[in-house]
A.B. asks: 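What follows is a single structure, and I will ask about it in a moment.
Each residue takes its place number in the sequence, starting with 1.
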Amino acid sequence: MEKIQEVIIVEGRYDKNALAQVVDATIITLDGFAVFHNQEKLAFLRRLAEKQGLIILTDSDGAGFVLRNYLKGALPKDRVKQAYIPDVRGKERRKRTPGKEGKLGVEGMPPAVLLEALRRAGATFAGESTAQVREPVTKADLFALGLSGGPDSAAKRKRLLKRLELPEHLNANGLLEALNLLYDRETFLALAEDTQKPPPFAEKTC
């Protein structure tokens, strides 16, 4: 089992149980929106962030992003990493019906997907050397590609997110953060250019 230095933050106990089967790490639950009113827990998370660093791993639905964005404002940004799971339709075994958006949460992800999400977030694995510094994707790159600041930027981001298998709820800033976790600038620009090409089966209509 892979050992991770950072403390991993998840939404609830079922997420924690699933993750504990994949990595050897300290895993803390938020207990959903209860964290909004729990100043003691927030203070505890800040202390953990300063000491070990944190990785936030929430579901890819709207509720997961509400929690993620709240923690971004409440915790020291330079001590927090963001791990994202892909949008996957489905239902966890223990549930009678799918969630509101019909997506699998952290608890429903295969172990390999969870491990890859943590690796992409820059988790510090025991015995592995730190990653080399890469040229980052910038806000100027997103603007130049029409992914921000334009009348159809939201639609373009949506297409790109689907192509890159990233959560649909990412805004421009969240997209930038995720891209710099996953790609170097050269690789991303190549992917973005390929994404904007029309599909090969597209035909002109008379």
A.B. asks: Determine whether Val23 and Lys3 make a side-chain contact, defined as any pair of heavy atoms from C-beta on separated by less than 4.5 Å.
C.D. replies: no

A.B. asks: So do Ile28 and Leu48 actually touch side chain to side chain, heavy atoms under 4.5 Å?
C.D. replies: yes

A.B. asks: Are more than 12 heavy atoms, taken from residues, nucleotides or ligands other than Phe143, located less than 6.0 Å from that residue's CZ atom?
C.D. replies: no

A.B. asks: Has Arg47 got more than 12 heavy atoms of other residues, nucleotides or ligands less than 6.0 Å from its CZ?
C.D. replies: no

A.B. asks: Before accepting this row, confirm whether a basic side-chain N of the pair Lys72/Glu177 lies closer than 4.0 Å to the acidic partner's carboxylate O.
C.D. replies: yes

A.B. asks: Between Glu168 and Glu101, is any pair of side-chain heavy atoms under 4.5 Å apart?
C.D. replies: yes

A.B. asks: Any salt bridge linking Glu50 with Arg46? Criterion: basic side-chain nitrogen under 4.0 Å from a carboxylate oxygen.
C.D. replies: no

A.B. asks: Supply the atom-to-atom distance Asp59 CG to Leu104 CG, rounded to the nearest 0.5 angstrom.
C.D. replies: 9.5 Å

A.B. asks: Output the distance between atom CD1 (Ile8) and atom OG1 (Thr26), rounded to the nearest 0.5 Å.
C.D. replies: 8.5 Å

A.B. asks: Any chain of hydrophobic side-chain contacts (each under 4.5 Å) joining Leu19 to Ile9?
C.D. replies: no

A.B. asks: Taking atom CE of Met109 and atom OG of Ser60, what is their separation to the nearest 0.5 Å?
C.D. replies: 6.0 Å

A.B. asks: Does Leu114 offer a backbone N or O that forms a donor-acceptor pair with the side chain of Arg119 under 3.5 Å?
C.D. replies: no

A.B. asks: Using 4.0 Å as the upper bound for N to carboxylate O, is an ion pair formed by Asp31 and Lys41?
C.D. replies: yes

A.B. asks: Tell me whether Glu107 is salt-bridged to Arg94, with the criterion being a basic N under 4.0 Å from an acidic carboxylate O.
C.D. replies: yes

A.B. asks: Just by distance, do the side chain of Asp184 and the backbone of Glu135 share a donor-acceptor pair under 3.5 Å?
C.D. replies: no

A.B. asks: If you apply the rule side chain to side chain donor-acceptor pair (under 3.5 Å), what do you find for Glu11 with Thr29, and how did you get there?
C.D. replies: CA-CA 5 Å; Glu11 293 185 38; Thr29 63; over 6 Å; no

A.B. asks: Does a side-chain heavy-atom distance below 4.5 Å link Phe125 with Leu115?
C.D. replies: yes

A.B. asks: Looking only at non-hydrogen atoms, find the nearest pair between Leu42 and Leu75 and report the distance.
C.D. replies: O-CD2, 4.3 Å

A.B. asks: Do you know which two heavy atoms are closest between Leu67 and Gly32, and how far apart they sit?
C.D. replies: CD2-O, 3.5 Å

A.B. asks: Are Leu191 and Leu164 side-chain neighbours, meaning at least one heavy-atom pair lies under 4.5 Å?
C.D. replies: yes

A.B. asks: Does a side-chain heavy-atom distance below 4.5 Å link Pro86 with Leu166?
C.D. replies: no

A.B. asks: Run Ile85 and Leu57 through side-chain contact (heavy atoms from CB on, under 4.5 Å) and show every step you take.
C.D. replies: CA-CA 8 Å; Ile85 59 171; Leu57 178 61; 3.8 Å; yes

A.B. asks: Is there a side-chain contact (heavy atoms from CB on, under 4.5 Å) between Thr58 and Val106 once you walk through the steps?
C.D. replies: CA-CA 7 Å; Thr58 62; Val106 170; 5.8 Å; no

A.B. asks: Roughly how far, to the nearest 0.5 Å, is CG of Leu71 from CG of Leu54?
C.D. replies: 8.5 Å

A.B. asks: Check whether any side-chain heavy atom of Leu145 sits under 4.5 Å from a side-chain heavy atom of Phe188, and report yes or no.
C.D. replies: yes

A.B. asks: I'd like to know if the side chain of Gln82 and the backbone of Ala121 have a donor-acceptor N/O pair within less than 3.5 Å.
C.D. replies: no

A.B. asks: Does atom CZ (Phe36) have a neighbourhood of more than 12 heavy atoms from anything else shown, all under 6.0 Å?
C.D. replies: yes

A.B. asks: Would you call Lys81 and Glu6 a salt bridge, using N to O less than 4.0 angstrom?
C.D. replies: yes

A.B. asks: When clusters are formed by joining ILVMFWY residues with side-chain heavy atoms under 4.5 Å apart, either directly or through shared neighbours, do Ile56 and Val22 land in the same one?
C.D. replies: no

A.B. asks: List the steps, then state whether side-chain contact (heavy atoms from CB on, under 4.5 Å) holds for Leu30 with Tyr70.
C.D. replies: CA-CA 12 Å; Leu30 296 172; Tyr70 174 76; over 6 Å; no

A.B. asks: Can you tell me how far CG of Leu147 sits from CZ of Arg159, rounded to the nearest 0.5 angstrom?
C.D. replies: 9.0 Å

A.B. asks: When you measure from the side chain of Asp152 to the backbone of Ala155, do you find a donor-acceptor pair of N or O atoms at a distance under 3.5 Å?
C.D. replies: no

A.B. asks: Which heavy atom in Ala192 sits nearest to a heavy atom in Leu160, and how many Å separate them?
C.D. replies: CA-CD1, 4.4 Å

A.B. asks: Is the backbone N or O of Asp24 less than 3.5 Å from a side-chain atom of Glu2, with the two atoms forming a donor-acceptor pair by type?
C.D. replies: no

A.B. asks: Quick one: sort the Phe65 and Tyr84 rings into parallel, tilted or perpendicular, breaks at 30° and 60°.
C.D. replies: parallel

A.B. asks: Give a yes or no on whether Tyr183 and Leu189 share a hydrophobic cluster (residues Ile, Leu, Val, Met, Phe, Trp, Tyr; joining criterion: side-chain heavy atoms under 4.5 Å apart).
C.D. replies: yes

A.B. asks: Between Val66 and Val10, is there shared hydrophobic-cluster membership here, with clusters defined by ILVMFWY side-chain heavy atoms closer than 4.5 Å?
C.D. replies: no

A.B. asks: For the pair Asn180 (side chain) and Val137 (backbone), establish whether a donor and an acceptor sit closer than 3.5 Å, ignoring hydrogens and angles.
C.D. replies: yes

A.B. asks: Are Arg157 and Leu142 packed together at the side-chain level, in the sense that at least one heavy-atom pair is separated by less than 4.5 angstrom?
C.D. replies: no

A.B. asks: I'd like to know if the side chain of Lys91 reaches the main chain of Lys95, judged simply by a donor and an acceptor atom lying under 3.5 Å from each other, with no hydrogens or angles considered.
C.D. replies: yes

A.B. asks: So how far is it from Thr124 OG1 to Ile4 CD1, rounded to the nearest 0.5 Å?
C.D. replies: 8.5 Å

A.B. asks: Ion pair present between Arg185 and Asp141, side-chain N to carboxylate O less than 4.0 angstrom?
C.D. replies: yes

A.B. asks: Can a salt bridge be assigned to the pair Asp87 and Lys103 using a cut-off of 4.0 Å between side-chain N and carboxylate O?
C.D. replies: yes

